[in-house]
Amino acid sequence: MALSEFDIIRRYFSDMDFAATESATVTIGVGDDAAGIRLADNIELVFSIDTQIEGVHFPINAEPSLVAQRAFRCAISDLAAMGAEPLCFTLALSLPEAKTSWLEAFSTGLRSAASEYRCSLVGGDTTRGPLTITLQVHGVLPVGSALRRSGAKPNDLVFVSGWLGNSAAYVALMKEKRLDEKPLAHAVELFSQDYFLPQPQLALGRMLRNLANSAIDISDGLLADLGHLCTASSVNAEIRLDKLPLSPELRQIFGESEARKLALTGGDDYQLCFTAPENRWRKIINACDEMECPVTIIGRILPPTADHVASVTCYDENGKVMDTRSLTAGYSHF
Ligand code: ADP
Ligand code: MG
């Protein structure tokens with residue numbers, strides 16, 4: 001049987017956390033958005049690595065400064081999911097050729113993103129090969145304050161930030177060769193911004209350190225990533241499809257039903273999905289209002305079932321359960 005990306009990680013790469021089991025220095029191992037190391041009594045380093053391949057993670061011949069922006073923003077989104085402050089990053093770059101115009105534009109985009117988030121480039125590796133960009137990002141936070149995928153509790157409310165599905169809409173329109181359709185110009189502009197310049201939710205993540213029980217960033221699609229959070233927390237979840245934050249443009253172009261599917265499975269949103277006890281919702285909503293960071297309550301965490309298989313049940317506005325088996329639940333490379 002073919003192995004999925006997550007089967008490969010679980011079967012071959014999840015049992016080498018020798019340090020984590022033997023010392024308290026490695027605080028977070030395989031399975032979260034970033035790994036963690038305790039550096040001193042009060043500071044924890046979290047770090048995460050992310051690869052983007054031309055033709056897989058971004059379109060062939062995409063504008064190099066946007067490729068750089070996107071690679072950087074996607075990578076530090078994992079720091080946002082942990083509630084960490086970006087510190088520095090390393091860059092492994094594989095290039096088919098050394099073309100100055102491409103390198104000029106790529107480095108300008110990268111410099112601009114890195115300076116926006118005050119994150120220094122401190123090393124890397126440069127090789128010849130298919131265009132592949134790997135960033136390892138490092139961040140810091142007070143010891144023990146990292147937001148984890150594994151902290152969700154039954155009865156927690158499930159929140160998401162921002163809009164869902166706009167990046168997936170860009171990819172869908174690109175595949176259908178509809179990006180140049182005149183009537184779509186305004187929406188394509190919005191979708192392309194969300195695709196190439198996602199906004200890593202660092203301020204939100206930091207604010208949630210003491211308020212949320214769990215968090216994950218949405219890279220593979222809400223259904224898959226909330227599923228990962230539920231698996232890590234040994235719980236289930238239910239969400240209301242009519243509560244999904246869908247942009248007016250997404251609804252208008254794709255219709256309600258297709259827009260919901262893009263939000264559930266499209267991915268590339270880089271918004272945060274997090275859970276918190278009901279008695280904290282007002283505090284969270286008020287803090288988000290103050291930060292001008294839109295968040296939506298979309299559902300609730302449920303206790304585990306006897307089979308211990310984590311599941312996310314989707315209800316529509318009439319209480320009818322959506323059959324999500326037919327949807328490709330999140331991107332998997334294999
Ligand atoms: P994310 O989407 O947040 O980047 P992934 O879904 O890619 O996370 O990965 C899930 C978990 O598996 C993460 O904790 C990641 O560090 C870990 N992981 C992925 N690939 C490997 C690998 N080859 N070896 C060890 N751990 C891995
Ligand atoms: Mg992540």
Side-chain angles (χ1 to χ4, degrees), residues 3-21 26-37 44-53 56-58 70-84 86 89-90 92 117 132-139 141 146-152 158-162 164 167-168 198-202 204-206 208 212 214-234 264-275 310 312 328-334:
L3 295 173
S4 77
E5 175 187 344
F6 301 103
D7 293 333
I8 295 172
I9 298 166
R10 196 173 46 247
R11 198 185 288 187
Y12 298 105
F13 301 114
S14 301
D15 61 346
M16 297 190 215
D17 59 340
F18 309 116
T21 51
V26 177
T27 49
I28 305 170
V30 171
D32 221 307
D33 288 293
I37 298 177
E44 193 166 334
L45 175 74
V46 293
F47 52 105
S48 160
I49 192 161
D50 212 38
T51 292
Q52 303 223 343
I53 303 167
V56 179
H57 299 92
F58 57 90
R70 178 171 147 77
F72 181 85
R73 288 159 179 272
C74 297
I76 59 167
S77 173
D78 278 327
L79 299 181
M82 306 302 283
F89 70 106
T90 51
Y117 293 97
T132 306
I133 300 148
T134 300
L135 269 79
Q136 181 161 42
V137 290
H138 301 75
L141 39 66
L147 292 167
R148 305 293 306 271
R149 292 182 180 181
S150 54
V158 179
F159 298 71
V160 289
S161 62
L164 297 182
S167 290
Q199 302 287 323
Q201 296 296 307
L202 290 153
L204 176 62
R206 261 196 317 270
L208 292 172
S214 68
I216 188 168
D217 69 326
I218 304 175
S219 53
D220 295 337
L222 174 67
L223 213 48
D225 287 315
L226 179 55
H228 293 150
L229 184 146
C230 286
T231 302
S233 298
S234 304
L264 289 173
T265 62
D268 288 329
D269 299 297
Y270 298 99
Q271 296 293 340
L272 292 189
C273 173
F274 58 96
T275 79
V312 178
T328 29
Y331 190 82
S332 179
H333 285 275
F334 301 95

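Everything numeric in this text was worked out from a predicted model, so none of it was measured. Just so you know, ligand 1 is whichever comes first in the structure, and atom 1 is the first atom listed for that ligand. The figures here come from the full heavy-atom set of this structure, side chains too, leaving out hydrogens, waters and symmetry mates.
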Point to revise | Protein contact to atom 26 (N) of ligand 1 [nearest heavy atom, distance to 0.1 Å] | key: V30 CG2, 3.7 Å
Exercise for review: Hey, can you tell me if F72 and F89 have their rings parallel, tilted or perpendicular (30° and 60° cut-offs)?
Suggested key: perpendicular
Practice item. Check for a donor-acceptor pair, side chain of S167 on one end and backbone N or O of D269 on the other, with a separation under 3.5 Å. Key: no
Point to revise | At the Mg ion (ligand 2): angle between D33 atom OD1 and D78 atom OD1, to 10 degrees | key: 100°
Practice item. Would you mind checking if R70 and D268 are paired as a salt bridge, meaning a charged N to carboxylate O distance below 4.0 Å? Key: yes
Exercise for review: Return the option from D78, D217, D32, D33 holding the heavy atom at the smallest distance from atom 15 (C) of ligand 1.
Suggested key: D32
Check your understanding: Would you find a donor on one side and an acceptor on the other, under 3.5 Å apart, between the side chain of R73 and the backbone of P198?
Key -> yes
Revision key, fill the gap. A student checking ligand 1 against S219 at a 4.0 Å heavy-atom cut-off should list atoms 2 (O)
Exercise for review: Verify the distance test for D225 against the Mg ion (ligand 2): any N/O/S atom under 2.8 Å, yes or no.
Suggested key: no
Revision key, fill the gap. Which atom of D217 is nearest the Mg ion (ligand 2), counting N, O or S only? It is OD1
**Study point:** Part of M16 with heavy atoms under 4.0 Å of ligand 1, whether side chain, backbone, both or neither
**Key:** neither
Study note, to complete from the structure: Candidates F47, F6, Y12; heavy atom nearest atom 6 (O) of ligand 1 found on F6
Exercise for review: Report the nearest protein non-hydrogen atom to atom 10 (C) of ligand 1: residue, atom name, distance rounded to 0.1 Å.
Suggested key: R149 NH1, 4.2 Å
Exercise for review: Starting at CG of L204, measure out to CG of D217 and round the result to the nearest 0.5 Å.
Suggested key: 11.5 Å
Check your understanding: Looking only at heavy atoms, what is the nearest atom pair of A80 and L147, with distance?
Key -> O-CD1, 4.4 Å
Practice item. Write out the residue and atom name of the closest protein heavy atom to atom 7 (O) of ligand 1, then the distance separating them to 0.1 Å. Key: E5 OE2, 4.0 Å
Review point. For D50, does its backbone N or O pair with a side-chain atom of Q52 as donor and acceptor, under 3.5 Å?
Key: no
Review point. Is there a heavy atom in R10 that sits closer than 4.0 Å to ligand 1?
Key: no
**Study point:** Exam field: side chain S77 to backbone P200, donor-acceptor pair closer than 3.5 Å
**Key:** no
Practice item. For atom 21 (C) of ligand 1, find the nearest protein heavy atom and state the residue, atom name and distance (0.1 Å precision). Key: I9 CG1, 4.0 Å
Practice item. Do me a favour and list the nearest non-hydrogen protein atom to atom 25 (C) of ligand 1 with residue, atom name and distance? Key: F13 CB, 3.6 Å
Review point. Under the 3.5 angstrom rule, does the side chain of D220 hit a backbone N or O of D225 as a donor-acceptor pair?
Key: no
